[in-house]
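What follows is a single structure, written as structure tokens, with notes after it.
Please read all numbers here as calculations on a predicted model, not as lab measurements. Every chain is numbered from 1 and lettered A, B, ... according to where its sequence line falls, protein lines coming before strand lines.
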Number of protein chains: 2
Amino acid sequence: MTAITASDEIVLEQPCPIRDVLDRIGDQWSLLILEALAPGTRRFNALMRDIGDISKQMLSRTLKQLEQDGFITRTLYPEVPPRVEYTLTPLGRSFLEPMQQLVTWADTHHRTIVAARLRYQAAQA
Amino acid sequence: MTAITASDEIVLEQPCPIRDVLDRIGDQWSLLILEALAPGTRRFNALMRDIGDISKQMLSRTLKQLEQDGFITRTLYPEVPPRVEYTLTPLGRSFLEPMQQLVTWADTHHRTIVAARLRYQAAQA
DNA sequence: TTCCAAGGTCTACATTATAGACCGTGTAAA
DNA sequence: TTTACACGGTCTATAATGTAGACCTTGGAA
């Protein structure tokens, strides 16, 4: 990809719908943020604390993308200091269901995966 | 993260099982590769073609990680030119189910997301 | 007068991905 | 005979991306 893109350009659509969606939510942080918003509305710094090791820039950028794609809404209360709340939209909530399946799978098979890593490591030695 | 790691070191386990699993399959390529393997066994270059825009290095590296975590097996046939086949393990196949939910969701809501992008873009202007 | 909060942005640096050359081996075409 | 190609990679230089942390704003409290 050598495409020259303006920093905030929105790529409207990719040929493959699955790629189009997975490219966005299949990154380092999106799923984690959506999961953090599952219990309800959260503020910026609260999300920072929830997730723990995300940088401000990535949280900001990823939230912007999720807003762009209609997963979440951003509400700014013009107070001082400012308050900004992020909430899942109906689309975002609807995504929770397949995601929950994924999380459940992860939880169920976690031990199997760790065991596989051990086996692999042993086989290399 | 300033941890010094040998290039092929295996991180055996992270504190949070969900993070542990999502950090691996929630990258640019893993889901796409697993999807490409869903119909059945595939060879290296076939996967390259299926996915289209993955680099050799990333395909190689991601396959290695998926093998490590027990999602796929790698079988080398000592012919010339060499033949290497990648196949989903039972664990990998079991992952297909929640992933299929995700893919179905993506397919279903794709148009809604594109519409959201358009709205967002209009709102910025 | 100085400090802090929240929610960011900006910049310098570190990490990671990409493109593409290169490798080895055997078969086939020129 | 030399050359070309296939496959499944690895290696290297460069480009893209992520991180840490300084900085910004504005009003209230110490």
Side-chain angles (χ1 to χ4, degrees), chain A residues 1-9 11 19 22-33 36-37 41-68 72-87 124, chain B residues 1-9 11 19 22-33 36-37 41-68 72-87 124:
Chain A
M1 286 283 195
T2 326
I4 294 138
T5 53
S7 59
D8 285 337
E9 184 184 329
V11 176
R19 286 294 295 269
L22 288 192
D23 275 4
R24 281 303 178 85
I25 55 96
D27 65 7
Q28 186 80 189
W29 300 115
S30 294
L31 289 178
L32 254 18
I33 292 175
L37 286 173
T41 297
R42 294 298 270 162
R43 297 174 63 174
F44 189 89
N45 281 339
L47 288 170
M48 286 279 287
R49 281 188 296 273
D50 291 347
I51 296 174
D53 58 345
I54 189 172
S55 65
K56 279 171 170 235
Q57 193 172 65
M58 283 312 291
L59 180 55
S60 171
R61 187 183 301 172
T62 309
L63 285 168
K64 209 172 282 177
Q65 287 179 358
L66 290 173
E67 188 196 359
Q68 207 169 268
I72 61 175
T73 55
R74 175 184 188 274
T75 313
L76 165 67
Y77 296 86
E79 307 166 354
V80 171
R83 180 160 57 104
V84 179
E85 292 188 342
Y86 293 94
T87 309
Q124 297 314 81
Chain B
M1 288 277 199
T2 325
I4 294 139
T5 55
S7 59
D8 285 337
E9 184 183 331
V11 177
R19 286 294 294 266
L22 289 191
D23 275 4
R24 281 301 179 86
I25 56 96
D27 65 7
Q28 187 79 190
W29 301 114
S30 293
L31 289 179
L32 254 16
I33 292 175
L37 287 173
T41 296
R42 294 298 270 163
R43 297 174 62 175
F44 189 89
N45 281 339
L47 288 170
M48 286 278 288
R49 282 187 296 273
D50 292 346
I51 297 173
D53 58 345
I54 188 171
S55 65
K56 281 170 168 236
Q57 193 171 64
M58 283 312 290
L59 180 55
S60 171
R61 187 182 302 173
T62 309
L63 285 169
K64 208 170 283 178
Q65 286 179 359
L66 290 173
E67 188 197 357
Q68 205 168 271
I72 62 176
T73 55
R74 176 183 187 275
T75 312
L76 164 68
Y77 296 87
E79 306 166 358
V80 171
R83 181 160 55 103
V84 179
E85 292 188 341
Y86 293 94
T87 309
Q124 297 314 82

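Rounded to an integer number of Å, the gap from CZ of A/R83 to P of C/dG8 is 13 Å. One atom, CD1 of B/I51, and another, C1' of D/dG8, lie 15 Å apart when rounded to the nearest Å. Rounded to whole angstrom, the span from the CG atom of B/N45 across to the C1' atom of D/dG8 amounts to 6 Å. We find that CD of B/Q57 is positioned 15 Å from P of C/dA21, with the value rounded to whole Å. Atom CG in B/L63 sits about 11 Å away from atom P in D/dG8, given to the nearest Å. For A/R42 and C/dA6, the CZ to P distance is 13 Å, given to the nearest whole Å. Atom CE in A/M48 sits roughly 13 Å away from atom P in C/dT9 (whole-Å rounding). For B/R43 and D/dG8, the CZ to C1' distance is 9 Å, given to the nearest whole Å.
Take B/Q28 and apply the side-chain contact (heavy atoms from CB on, under 4.5 Å) test, not counting sequence neighbours, and it matches no residue. Applying the side-chain contact (heavy atoms from CB on, under 4.5 Å) rule to B/R49 yields the partners B/N45, B/A46; only residues at least two apart in sequence or on another chain are considered.
A salt bridge is defined here as a Lys NZ or Arg NE, NH1 or NH2 lying under 4.0 Å from an Asp or Glu carboxylate O, and A/R19 with B/D53 meets this definition.
Within the 3.5 Å criterion, the main-chain N or O of B/E67 finds no donor-acceptor partner in the side chain of B/T73. Side chain of A/S60 to backbone of A/K56: no donor-acceptor contact under 3.5 angstrom is found. Proximity of a side-chain donor or acceptor of A/T62 to a complementary backbone N or O of A/I33 within less than 3.5 Å is not detected.
Heavy atoms of A/Y86 sit under 4.0 angstrom from primed sugar atoms or phosphate atoms, though from no base atom.
In terms of phosphate contacts, A/K56 brings no side-chain nitrogen or oxygen within less than 4.0 Å of OP1 or OP2 of D/dC23. Distances shorter than 4.0 Å separate some side-chain N or O of B/W29 from OP1 or OP2 on C/dT18.
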Along nucleotides 24-30 of chain D, 5' to 3', which nucleotides get a B, which get an S, and which get a -, given that the test is a protein heavy-atom distance under 4.0 Å?
-> --BS---
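Note that A/R42 lies outside the cation-pi zone of A/Y86, set by a 6.0 Å cut-off to the ring centre and a 45° limit from the axis.
Side-chain N/O atoms of A/Q28 and base N/O atoms of C/dT16 include no donor-acceptor pair closer than 3.5 Å.
When each of D/dG8, D/dT10, C/dG8 is scored by its nearest atom to the side-chain atoms of B/V84, the top-ranked nucleotide is D/dG8.
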